[in-house]
Every structure is written in structure tokens, then in C-alpha cells.
There are 2 protein chains.
Amino acid sequence: MADTSSADGTVGKALSVLDLVASFGRPVRFAELQTKSDFPKATLYRFVQTLTNQGMLAFNPETQTYGLGIRLVRLAHGAWRQSSLAPIAQAHLDALSLELSETVHLAQLDHGQVLYVDKRNAANPLPMYSEAGKVGPAYCTGVGKAMLACLDDATVQDIIAQQSFHRFTPTTLTSAEALLAELKDIRADGHSFDREEHEPGIICVAVPIITERGRLLGALSVTSATTRTTLDQLEHHAPRLKNTAKAIAAEMSAWRFPDQTLTPAAAE
Amino acid sequence: MADTSSADGTVGKALSVLDLVASFGRPVRFAELQTKSDFPKATLYRFVQTLTNQGMLAFNPETQTYGLGIRLVRLAHGAWRQSSLAPIAQAHLDALSLELSETVHLAQLDHGQVLYVDKRNAANPLPMYSEAGKVGPAYCTGVGKAMLACLDDATVQDIIAQQSFHRFTPTTLTSAEALLAELKDIRADGHSFDREEHEPGIICVAVPIITERGRLLGALSVTSATTRTTLDQLEHHAPRLKNTAKAIAAEMSAWRFPDQTLTPAAAE
DNA sequence: AAACTAAGTTTCATTATTTGGGACTAATTT
DNA sequence: AAATTAGTCCCAAATAATGAAACTTAGTTT
């Protein structure tokens with residue numbers, strides 16, 4: 001047992017080193033990596049060398065540390081462009097954020113977690129820690145709950161089994177039952193709230209983005225702070241959010257991708 | 001000769017498949033990959049399988065296509081956080097963009113190219129194609145020229161050799177000589193311009209971000225459109241930009257990283 | 001409906017690469 | 001100067017990658 005993921009040969013092992021470096025959250029020395037890794041020194045060393053060569057890790061000679069490389073950033077940008085959702089939603093997010101003067105998030109569901117794929121700050125940004133590329137819990141965020149509400153029971157059960165139900169704040173839902181009950185309400189309303197469930201003082205309304213046939217694409221939220229507004233006031237934005245979600249979904253299905261008429265060439 | 005980059009064994013070859021998928025700019029079928037790849041079918045197939053298993057690629061069963069995976073997005077977010085520049089600059093970008101009501105870019109130099117690492121849209125966003133993670137040419141962007149102006153001659157020569165000098169617009173600098181001459185001016189002024197050299201109608205002022213000891217960290221720019229302002233007016237922002245660049249550099253060297261007092265734990 | 005075609009998947013003997021203990025070197029500490 | 005620690009390199013044994021060809025769908029054509 002064990003190895004669910006690092007099972008695919010040399011490549012899988014090398015990639016696990018990327019996660020290892022990422023897990024430190026800061027550039028690390030080789031010796032630090034070694035203490036946290038089961039690979040023998042020479043093996044780990046070779047992986048680090050290879051990955052650095054490849055631009056997946058970056059070595060800083062001044063501090064003698066390895067960090068995640070810039071090639072990852074380039075590739076991630078490619079991922080962002082390829083995903084049909086984020087580029088299409090872009091203009092809609094601009095419009096929403098400008099119109100409502102609040103922070104707007106676009107998220108997708110990934111392995112039972114919320115992945116924030118885009119964000120627009122309010123003109124006066126909130127002291128809040130979310131960024132494109134960041135992952136967060138599904139059971140206690142507006143976007144997470146909005147998305148869960150659109151899945152069939154079996155899938156929801158699967159995902160619930162992966163939730164930690166850690167109590168971040170006094171209002172965090174900490175049981176599957178509480179969550180399921182709320183999902184029912186969300187299905188009825190078509191939108192979800194974050195009632196300071198993840199960060200104290202931070203509230204939001206969120207709506208799912210679904211195709212006409214009901215397939216989940218992502219979710220959209222407007223976030224603010226209790227010092228600035230109330231849940232009731234935020235709820236007024238729900239119709240605007242639902243329209244935007246519908247517009248995004250429509251563009252998605254309309255543009256069943258552009259069949260490469262345009263050559264990427266030119267660059268070089 | 002040949003293989004400068006894909007020289008490191010199986011891992012390098014596998015990673016080259018990521019670039020291949022990225023190069024299409026959209027999700028691709030296996031057969032399409034095959035036509036563009038020199039790997040034998042079975043080999044390419046195994047790489048694609050492995051990478052998909054690993055979350056570096058994502059397979060969409062509906063369209064039978066492979067795209068770049070979500071693990072890349074997570075890792076890239078880690079890269080962004082680890083890089084000392086981007087997280088520190090964040091608040092400064094917010095402030096600049098709010099104060100000047102224009103689009104602000106943060107960029108770094110990577111393999112002779114400009115890599116945009118962060119961006120703040122003006123309230124009224126410009127029809128302009130730049131995003132965090134995107135790469136652009138160094139010789140015809142404000143940030144690119146500002147950074148080149150801070151490097152020693154040998155490095156500049158190296159980088160110039162990698163530039164295409166493609167003429168994007170009538171004002172694009174299309175020779176090494178023209179560029180070198182302008183770099184001289186930039187060194188004298190401490191800031192650079194983009195005179196619609198990359199996109200028609202788009203202009204900017206940029207300043208380098210350098211340590212006290214002169215090491216290049218990145219660049220900062222304020223971008224606008226000819227329909228909205230002029231170069232002369234943009235130049236008024238230069239002192240404000242220089243102050244911000246200095247502040248970012250100061251924070252960078254002050255915070256010679258936080259030595260992990262805070263445990264990443266908690267998550268799960 | 002049978003024959004053809006193309007895309008995707010699996011097999012397996014051969015071949016090339018990874019593996020990792022340990023030796024070596026450089027830098028820091030006692 | 002000796003000891004400790006961090007980083008780098010080597011090479012025979014062990015293992016994993018390779019890729020031609022066979023096989024399985026799925027989609028067309030006759």
C-alpha cells in the first residue's frame with residue numbers, strides 16, 4: 001500500500017520532489033530537503049539537479065537554496081489559458097468587480113478542494129488571503145458549498161469523506177450533517193453564503209456556474225467584510241451573480257473551442 | 001550537440017511533453033500530440049499516462065483531450081509565494097494602481113524574456129493582453145528595457161543575441177544598436193518608456209527594482225493607452241514608481257526570509 | 001453487415017537508465 | 001589541525017524505460 005501517487009516510475013518520484021520543495025513554502029537548502037525525504041542522498045541530489053536544469057526548480061547561488069522554478073509559472077499560465085473557464089470569465093469578473101466595488105473570486109473544484117482560478121480585488125482590498133492558484137476547503141467557503149450543491153449525492157459523499165471539518169471560526173460547519181442540510185437550502189436558493197465560516201469578519205455570496213445540462217463548471221463569489229456590509233446586503237448581489245454565471249456558461253458552450261484556425265506560430 | 005534541455009534522462013523527456021501540450025494553447029487529442037512529437041507512439045503514450053496520473057496533465061473524457069493539469073497551477077502558486085519579490089510587492093501594487101488609477105505590472109527577467117509575475121488592472125481595464133505568468137519580449141516592452149539597462153554589458157549582449165527584433169509596430173526598435181542606444185538613456189533617466197513598441201496605442205513608463213548593491217530584482221510599470229494619456233503625462237508617475245521600487249527593494253533585503261518560525265502544518 | 005480504417009492501448013524481450021553505498025571535496029566548527 | 005557537516009561524484013548491480021508489433025475498440029465505407 002502507500003504510494004498512491006508516486007507509483008509511476010522515475011518521473012513520479014522526480015515530481016514528488018517538486019511537492020517537497022513546495023511544502024516548505026520558502027526556498028530551502030539541499031540538506032533540509034534530505035531530512036524530509038526518503039530518497040537516498042545521491043538520488044535526491046540527482047533529482048534536484050535534473051529539476052533545476054529543467055527550470056522546474058530554481059537554485060539561488062547567493063543563499064544556496066532551491067525554490068520552485070519559473071517554468072512552473074509559465075506552464076501554469078498555459079493551464080489557465082487552456083482551461084476554457086478562466087479566460088472566458090475574465091471580462092465578466094472585471095465587470096462584476098467594477099460594478100459592485102467588491103472582491104470577486106472565480107473558483108473550480110479539484111479533488112474535493114476549492115481552487116481559486118482568478119480574482120479581482122475591490123478598489124480597497126480586503127486583508128484576506130486568497131490568490132489565483134490557491135486551494136481552500138470546500139465545506140466552509142461560499143464557492144465550495146455552491147459547487148457541492150450541484151453534484152449528485154454519490155459525488156458529494158465522496159467529497160465529504162475528504163473534508164477535515166476543521167473549526168476555523170465559531171460559525172464553521174463541522175459535520176457532514178450540517179453541511180448536507182445547508183446544501184439543500186443552497187439548491188433551493190441557487191446561491192450560498194459564507195457566514196464568516198473560514199475567516200472571521202469575511203463574508204460572501206456565491207453562485208455555481210453550470211451548463212444548461214447541469215454540468216458543474218465552477219463558481220463565482222462576491223466577498224466582503226462584516227465591517228463593511230451585511231449578509232442581507234450581499235444577498236442583493238445574488239441575481240447579478242446568477243446572470244453573470246449564466247452568461248459565462250453560455251459563452252462556454254457556444255465556443256465549443258475555436259478549432260485552431262489561428263496558428264500559434266509567430267512567436268519564436 | 002542538439003538537446004540542450006531535454007538532456008536529462010527520462011524526467012526531462014517527460015517534462016518536454018508538458019511543453020508540447022502547452023504549445024497547442026488548447027486541449028489536444030493524443031493523435032495530435034503524436035504528429036508533433038518525435039517519441040514513438042508507445043513511449044509518448046506512457047508519458048502522457050504518467051503525467052495525467054500525476055496531475056500534471058488533465059484528461060477530459062468528454063472531448064478525449066489532454067490539457068495542462070491543475071497540479072501545475074498549485075505548484076505555480078507555490079512558486080509565486082516562494083519568490084520573495086511577488087508577495088512583497090503585492091501591497092505596493094495595490095497602492096500604486098489605486099493611486100494612479102492605471103494598470104500596473106510587476107515583471108521579472110527569465111531567459112532573456114520578460115515574465116509578468118503580477119498585475120493590477122485599472123478600474124477601467126485596457127484591451128491589452130498581459131497576465132500573470134505570461135512571457136513577453138524584452139526589447140520592446142517598458143519593463144524589459146528597464147531591466148536590461150541594469151545589467152552588465154556581457155549579460156546584455158547575451159540577452160540581445162536571444163531577441164528576435166520582430167517589428168510589432170512602426171515604433172518597435174528593430175536592431176541591437178537602437179536598443180543599446182536607448183539603454184544608455186534609460187540608465188541616465190532611471191526609467192524607460194514603451195512608445196507603442198509592442199502594441200499599437202499602448203504606452204507605459206517602467207522602472208527597475210534593484211537592491212542597494214545593484215542586483216536586479218525585477219521591474220515595475222504603469223501602463224495606459226494613447227487614447228487616455230500621453231507619454232509626458234505618464235512620465236510624471238516616474239518618481240512615484242521609483243519610490244515604490246525602492247521600498248520593495250528595501251523590504252526584500254530587510255526580510256532576509258522569515259526562518260520558518262511559523263509552521264505550515266494546520267492544513268491537512 | 002462485412003470489410004476497411006484510424007485512434008487508442010497493451011505486450012514483452014531488449015536496452016539503457018536509474019539506483020545508492022560509499023568515496024571524495026569543500027566549508028565550517030571545535 | 002582535527003573533526004564535523006554539507007555538498008558532489010562514481011560505478012557495478014538492479015531496475016525501469018523503450019518501441020516494434022500485436023491487439024482492441026470505435027468510426028467509416030463499400
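Lettering follows sequence order; numbering is per chain, from 1.
In this structure, B:Q49 atom CD and C:dT10 atom P are separated by 7 Å, rounded to whole Å. One atom, CG of B:L44, and another, C1' of D:dA17, lie 14 Å apart when rounded to the nearest Å. Rounding to whole angstrom units, CZ of residue A:F39 and C1' of C:dT19 are separated by 11 Å. Per the geometry, CG belonging to B:L33 stands 13 Å off C1' belonging to C:dA7, to the nearest Å. Nucleotide C:dT17 holds its P atom 12 Å from the CG atom of B:D8, rounded to whole Å. The interatomic distance linking B:Y66 (OH) with C:dA7 (P) rounds to 14 Å, in whole Å. Between B:Q64 atom CD and C:dA6 atom C1' the separation is 13 Å, expressed in whole Å. Distance B:D38 CG to D:dT18 P: 14 Å, rounded to the nearest Å.
Salt bridge present: B:E32 and B:R26 bring a charged side-chain N and a carboxylate O closer than 4.0 Å.
A donor-acceptor contact under 3.5 angstrom links the side chains of B:T155 and B:D152, judged on distance only. Side-chain contact, A:D8 with B:Q54: a donor N or O sits under 3.5 Å from an acceptor N or O.
Within 4.0 Å (heavy atoms only), B:A31 reaches sugar-phosphate atoms of the nucleic acid but no base atom. Heavy atoms of A:T10 sit under 4.0 angstrom from primed sugar atoms or phosphate atoms, though from no base atom.
Taking the six-membered ring wherever Trp is involved, the centroid distance between the rings of B:F30 and B:Y66 does not fall below 6.0 Å.
Between the side chain of B:R46 and the base of D:dG19, at least one donor-acceptor pair of N or O atoms lies under 3.5 Å. If you check distances only, the side chain of A:K41 never reaches the base of C:dG20 with a donor-acceptor pair under 3.5 Å.
With D:dC10, D:dG7, C:dT9 as the choices, the nucleotide that has an atom nearest any side-chain atom of A:F30 turns out to be D:dG7.
Looking at B:R215 and B:I210, their side chains never come closer than 4.5 Å, going by heavy atoms from C-beta outward.
In this model, the phosphate group of D:dG7 is not approached by any side-chain N or O of A:Y45 to a distance below 4.0 Å at OP1 or OP2. The side chain of A:K13 places an N or O atom within less than 4.0 Å of a non-bridging phosphate oxygen (OP1 or OP2) of C:dT19.
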